[in-house]
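Keep in mind it's a predicted model, so treat the numbers as computed, not measured.
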Amino acid sequence: MTALEALPPQDPVSQFATFSKVDVPGRLVSENAVREQSWCILRAPDGWYEVFYHEHGARTEKLGRAATRTAALRLLGGRLLHADILNRSTRP
């Protein structure tokens, strides 16, 4: 096994499942592209990462900006974990 094979998958959905144990459908997160009804992580021209929810052709919920991809994933992961906890507590 090479060092690269030992690395976990680099896509956001796999990283959320591996590191935060949050099950995120692949259609819910988009990296490097804007996609309707999904959380988006885009690299801005200034090098920072923007994290936001996109629906109806607009950014409807801006989580913030992060200096690194890892920080952007943590920002979004925290939001998804928060929603996951709230959804679990409201189930019968």
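The minimum heavy-atom distance between Phe52 and Lys62, with the atom names listed, is CB-CA, 4.0 Å. Minimum heavy-atom separation, His54 to Cys40: CB-SG, 3.9 Å. Scanning both residues, Arg35 and Leu28, for their nearest heavy atoms gives NH2-N, 4.1 Å. Of all heavy-atom pairs between Ala72 and Tyr49, the closest is CB-CB, 3.7 Å. In plain terms, the two heavy atoms of Ala44 and Arg65 that are nearest each other are CB-NH1, 3.9 Å.
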- Item | Residue pair Arg79, Tyr53: steps toward the side chain to side chain contact (heavy atoms under 4.5 Å, CB included) verdict | CA-CA 11 Å; Arg79 172 62 176 83; Tyr53 191 76; over 6 Å; no
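Hydrophobic clustering of Ile, Leu, Val, Met, Phe, Trp and Tyr side chains at less than 4.5 Å, counting indirect connections, unites Leu80 with Leu63. Neither Trp48 nor Ile41 shares a network with the other; the hydrophobic side chains, linked directly or stepwise wherever heavy atoms of I, L, V, M, F, W or Y lie under 4.5 Å apart, form separate groups for each.
Counting heavy atoms from C-beta outward, Leu76 and Glu31 have side chains that stay 4.5 Å or more apart.
Of the possible donor and acceptor atoms, none in the side chain of Arg43 sits under 3.5 Å from a partner among the backbone N and O of Asn32.
Distance check: Leu75 CG to Glu50 CD gives 11.5 Å after rounding to the nearest 0.5 Å.
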